[in-house]
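Down below is the structure, laid out as C-alpha cells.
The structure presented is a predicted model; accordingly, all values stated were derived computationally and were not measured. Values below: every heavy atom of this structure, side chains too, minus hydrogens, waters and symmetry copies. Convention: sequence-line order gives letters A, B, ...; per-chain numbering from 1.
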There are 2 protein chains.
Amino acid sequence: MTISKIERVIAFIQQEISNKKLIAGTRLMSVRQLAQHLNYSVSTVVEAYARLVAEGLIEARTGSGYYVSTKMQVIHNIEKPVQYEREVDPLWISRQSLEAKSDVIKAGCGWLPVEWMPELSLRRALKQVAKAEASLLVDYPIPHGHLGLRQWIARKNKKYDLELSVSQILMTDSATQAIDLLFRKLLKAGDVILVDDPCYFNFLALSQVHDLQVISIPFTEHGPSVQHFQQALLYQPKIYLTNSGIHNPTGATLSIAHAYQIAKLAEQANLIIIEDDIFAEFEQIPAPRYSSLMGFERVIQIGSFSKTVTAAIRCGYIISHEKFIDECIDLKIATNFSGGHLNAEIIYQALLDSSYKKHLDNLHKKLLKTMQFTIQSLAKLGIEPVIIPKAGIFLWCQLPKQMNASVLSKLCLKQGVILAPGNSFSQSPDAGQFMRFNVAQCGYKKVFDVLESAMEEMKNIQ
Amino acid sequence: MTISKIERVIAFIQQEISNKKLIAGTRLMSVRQLAQHLNYSVSTVVEAYARLVAEGLIEARTGSGYYVSTKMQVIHNIEKPVQYEREVDPLWISRQSLEAKSDVIKAGCGWLPVEWMPELSLRRALKQVAKAEASLLVDYPIPHGHLGLRQWIARKNKKYDLELSVSQILMTDSATQAIDLLFRKLLKAGDVILVDDPCYFNFLALSQVHDLQVISIPFTEHGPSVQHFQQALLYQPKIYLTNSGIHNPTGATLSIAHAYQIAKLAEQANLIIIEDDIFAEFEQIPAPRYSSLMGFERVIQIGSFSKTVTAAIRCGYIISHEKFIDECIDLKIATNFSGGHLNAEIIYQALLDSSYKKHLDNLHKKLLKTMQFTIQSLAKLGIEPVIIPKAGIFLWCQLPKQMNASVLSKLCLKQGVILAPGNSFSQSPDAGQFMRFNVAQCGYKKVFDVLESAMEEMKNIQ
C-alpha cells in the first residue's frame, strides 16, 4: 500500500465529482468494485475513502456504502490580497512579506529563500522522528523543554567561552515569544528600555504592545554609541535589547572594546542586557557576546532556529541564571502552557544530521558571493552600504539624496518586489534615507530593474 | 545505509569513550579502518562520525582525522526534582504534572496517557510530511496560518450548524496563546471578566498575569447560574470565558435553555463570550455552542489539537469575524511573529489519516468504561461525583466531610500520585472539599490505594 496509489484514487474521485459525473448524494462504487476497476488493492481504496470522508467530500452511511456528501463543502478559500495601501510602520515589512504571493520577490524580508534552507536535513529528521518513542510524539515535555536541544545550545555556547548548565535554558515557542515573556517578567507599562537605532522592527512593535518608552541609541560600525548610551542612562532604563553577533538591520558586528564599555555602563546602571542571538549560525568568526564578558547574572540571551534550520517550526529559547529561568516557567505555563516536544525533536535531529553542517558551510559561501553581487548591483543605482558586513544576510544602505525609502518601497511593491524601508527600523527623522536589503533574496535581476524604474519614476514626480 | 547501523557505530564509539579505551585527544580509527573492522559501508561510518561531531563528542582535524574531543562535554543534566513543598495555587497541578517523573501517576492532570493518544496517526503523518514540498518544511506560512487546517476547522463547525469562511480563522501556537492574545487585544489591567466557579485553573493564572478582576459564576449541571450571571453584569464585565462542549473541571455540558438565557444577557450587557472548544473531540453528541446561537459577532471560539491528536506539537486557533481576525494578526506578529506551518501540516495529516477516526471511536468507548470504573472505585472511598458527565475525561468529586483537598493532594504526591485539588480551580471558600479526577489516568489500582491510605492518615491526624 503506497501513498501515491492512495492519492491517485483520491484524485480519481475528486475529478469525478468536479466533472459532475458524481453529484451530491450519489452512491460511490463499493470499495471492492473500485479496487477491481482500478486494479488496486482493497486496502488502498479503503484508505483513500477514509481520507475523503475525513476531508468531508464523501460520507459513509452504515450498511449502505459511501455517498458524495450532500453537505458539500463550500469553504471560502479567498485570502486577502497584499495590502498595498498600509502605511509604513514597524509591522509593514512582516505583513507584506508574510502575505506575499509566491511570485513576489521579498528583497526586504528577514529570512532565507526556501531553496537555501536545509531541506534534506529536515526530511531526514522527520523520517527519524517518525520512529521516535511514543511519549515524544504525543506528550507534553517537562517545563524546561527538550533536553537534547538544551544540551546542543549549551555546547554551542562553548564557542563563546560560556559554561552552561541545561537548567539555565528554557525552551520557548519562538525568539519573539521569548522576548515577550521577558518583557512581561521584567517590565511594566511606562518603563524605559534602550534599543539600537536602527533596530529590528519587531523590537519596536513589541515595545508598543507593552506600552514602553523606547530610547534609541545610534548604532555604529562597532556597536552602540557609548556616549549616547551613557547619556540615556539618566532616564533609568531597565533593559537594553540588542542583537548579538550580527546586528539587524545594519549587519555590523560588536567590537570587544565596545562590548567592554557597554558592559561596564550596564553594571553601573543596574541594567539588564537582552541579547538576541538569532543570527549566530551565519557567523564564521564569532563576534563578542555580552554574556561572554558578563555571564548570565545581568545578561539574558535568546535565540531560535528559524533562520538556518526552519521557519516552519516554532522553537526558541531563553538563557539566564537558574533561579530566573525557574521563575519564568510559571509565566510560560500561564501564558502558553507548554513548549512543543516534537517541534524541538525535529529541530534537534535536523541539527545532528550530517547534512546540516554541509548546509551551513555552503550557506556561508553563497552569502559572501551574493553579498558582493548585491553591493555591486546597488552601487550602479547610487545606493551605497553604510557598513560592509563581515557575514549574514543584511545590507543597510543609504539611498541617493531626495529619495524616500517608504515611497520607493510602495512603488516597488506594486511591481512585485518587497523592500524594507528604513522607517520600519527607526523612529529617527532621517530613517527614510535608508533601506535594508536581504542579500540572499537579491539574486534576481528583477530586484534591480524594478528599483531602477521606481527611482526613475520618483525623479520625474519631483 | 540504514539508521540502525549508524546508531550501532555511534554506540560503539560512545562505549569506547565511556570505557576509557578512548580518552580525550585520542585519534579514532579512520573511517575506512572502522568500516572494515565492523564490516559496514564507509558511508555508514561517515554519517556516524558526522553525528558524533555534531554532538561534540569527537572533533575533525583537517587532514589528520577524527579525535576524541578535548573540550569534553560536561553538561549538567540534573533536572530539578518535583517541588513537593509548593503551595496549592492555580499553577500547582500544571507544574507538578509537567515535572513528574515517568513512574508518577498523574490522576489529576488534564490530558490523556501516552498510550491513549493516536501514535499511529502521528507516525504516518510524519512520514507523509517528510515528502511535502520544501516551502512547507522551511518557510513561514501566511499570517492566517495553514489553509488545510483552517478548512478542516471550518468543516468541523458544520456539526454545530456554523458556516465559516477560512478568513474567520487564525492559527495560533496553542489555545492558551489564543486566550492570551485575546486578553491583550480586548482587555486592560483592572478590567472585569467572568469565569465559571470552578473553572480551568489556567484561566485564573492567565487573569493574574493580565491583572484582571475575576468574578466567578457558580456552574451548575446545565451551565452557569443565570441568576448569578445577571447579578455579575452590574460590575460591567467585558468578557465571559468558559468551555464549550465539556466543562473543565466539572464535566458538565451546557443545556440549550441555559445557553439561550446567557446569550440574551451577554447581548444586553455588550459582553463578549470566549468559548474554549478544546474538548470537542471527546463529545459523542455535541452540546450547544454559544457560537451556534449567536454567530461570531459576539462569540470568539478558541481551540487546539493537544487533547486528542498530540500535546507535543503547538497548534491552536481563534475563530471570530473577519475584521477582528485581521486586527489580531498585527498583535500576533508583534508578540509571536508567525505560526508553525510544519506543526500545522503534521496535525493536518494526522487528522486526515484513516487511523485517527478509529482512534477517536476507540477513545470514546474506553473513556465511558474508565469513567464507570473510576466512579465505582471512588464510591468505595466515600468520594462522590457532583455531576455524572456525559463524556470526556473529567470527574468533579466531593470529598468526605473534614477532608481537605490540598492536604490530601500533598500526601498523595509523596506516594507518587498527582491529584487536582479543588482550590486550584476556584477561589470560593469551600473549594477545598472538591477534587478533579482524570478518569483516563485512573486505570491503576495504585491511585485508589494511595488515596485510601492518605485519607486514613488524615483521619488519624485529626
Test item: [X] side-chain N/O and [Y] main-chain N/O as donor-acceptor pair under 3.5 Å:
{"X": "B:Asn343", "Y": "A:Asn343", "answer": "no"}
{"X": "B:Ser354", "Y": "A:Glu47", "answer": "no"}
{"X": "A:Arg95", "Y": "B:Ile333", "answer": "no"}
{"X": "A:Thr176", "Y": "B:Thr335", "answer": "no"}
{"X": "B:Arg314", "Y": "A:Gly340", "answer": "no"}

Can you name the closest pair of heavy atoms from [X] and [Y] and give their distance?
{"X": "B:Asp139", "Y": "A:Lys106", "value": "OD2-NZ, 4.2 Å"}
{"X": "B:Ala334", "Y": "A:Leu206", "value": "O-CD1, 3.1 Å"}
{"X": "B:Arg123", "Y": "A:Lys131", "value": "NH1-C, 3.4 Å"}
{"X": "A:Arg51", "Y": "B:Asp353", "value": "NH2-OD1, 3.8 Å"}

(Q) Please enumerate all residues that pass ring-ring contact (aromatic ring centres under 6.0 Å, His included) together with A:His146, with sequence neighbours excluded. (A)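 Checked A:His146 against ring-ring contact (aromatic ring centres under 6.0 Å, His included); matches are A:His341, A:Tyr348.
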
**Q.** Any residue meeting ring-ring contact (aromatic ring centres under 6.0 Å, His included) with B:Phe183, in chain and number order, not counting sequence neighbours
**A.**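 With sequence neighbours excluded, B:Phe183 shows a ring-ring contact (aromatic ring centres under 6.0 Å, His included) to B:His210, given in chain and number order.
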
Please flag which part of [X] lies under 4.5 Å from any non-hydrogen atom of chain B: side chain, backbone, both or neither.
{"X": "A:Glu133", "result": "backbone"}
{"X": "A:Leu122", "result": "side chain"}
{"X": "A:Lys307", "result": "side chain"}
{"X": "A:Leu331", "result": "side chain"}
{"X": "A:Val46", "result": "neither"}
{"X": "A:Leu181", "result": "neither"}
{"X": "A:Val209", "result": "side chain"}

**Q.** ring pair (Phe, Tyr, Trp, His ring centres under 6.0 Å): pairs with one or both residues in residues 120-143 of chain B, sequence neighbours excluded
**A.**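 Only A:Trp111-B:Tyr140, B:Tyr140-B:Phe337 qualify under ring pair (Phe, Tyr, Trp, His ring centres under 6.0 Å).
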
Q: Decide yes or no on side chain to side chain contact (heavy atoms under 4.5 Å, CB included) for B:Ile329 and A:Leu91, but give the supporting numbers first.
A: CA-CA 10 Å; B:Ile329 288 177; A:Leu91 288 170; over 6 Å; no

I need the residue from [options] with the largest number of non-hydrogen atom pairs under 4.5 Å to chain B.
{"options": "A:Ala344, A:Ala132, A:Cys109", "value": "A:Ala132"}
{"options": "A:Ala50, A:Gly316, A:Gly148, A:Ala312", "value": "A:Ala312"}
{"options": "A:Pro143, A:Ala125, A:Ser306", "value": "A:Pro143"}

Among [options], which residue forms the greatest number of heavy-atom pairs with chain A at distances under 4.5 Å?
{"options": "B:Ile313, B:Val129, B:Asp180", "result": "B:Asp180"}
{"options": "B:Arg184, B:Gln177, B:Lys127, B:Lys357", "result": "B:Arg184"}
{"options": "B:Leu137, B:Val53, B:Leu112, B:Thr172", "result": "B:Leu137"}
{"options": "B:Ala130, B:Ser135, B:Cys315, B:Pro141", "result": "B:Ala130"}

Q) Distance from A:His144 atom NE2 to B:Leu98 atom CG, nearest 0.5 Å? A)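 Result: 12.0 Å between the selected atoms.
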
Q. In residues 113-120 of chain B, which residues are in contact with chain A at a heavy-atom separation under 4.5 Å?
A.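 The stretch touches chain A at B:Val114, B:Met117, B:Glu119.
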
Q | Donor-acceptor pair between B:Ser174 and A:Asn336 side chains, under 3.5 angstrom | A |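 The answer is yes; a qualifying pair exists.
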
Q) Is the count of non-hydrogen atoms from other residues, nucleotides or ligands lying under 6.0 Å from B:Lys188 atom NZ greater than 12? A)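 No, NZ of B:Lys188 has 12 or fewer neighbouring heavy atoms, counting only those of other groups under 6.0 Å.
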
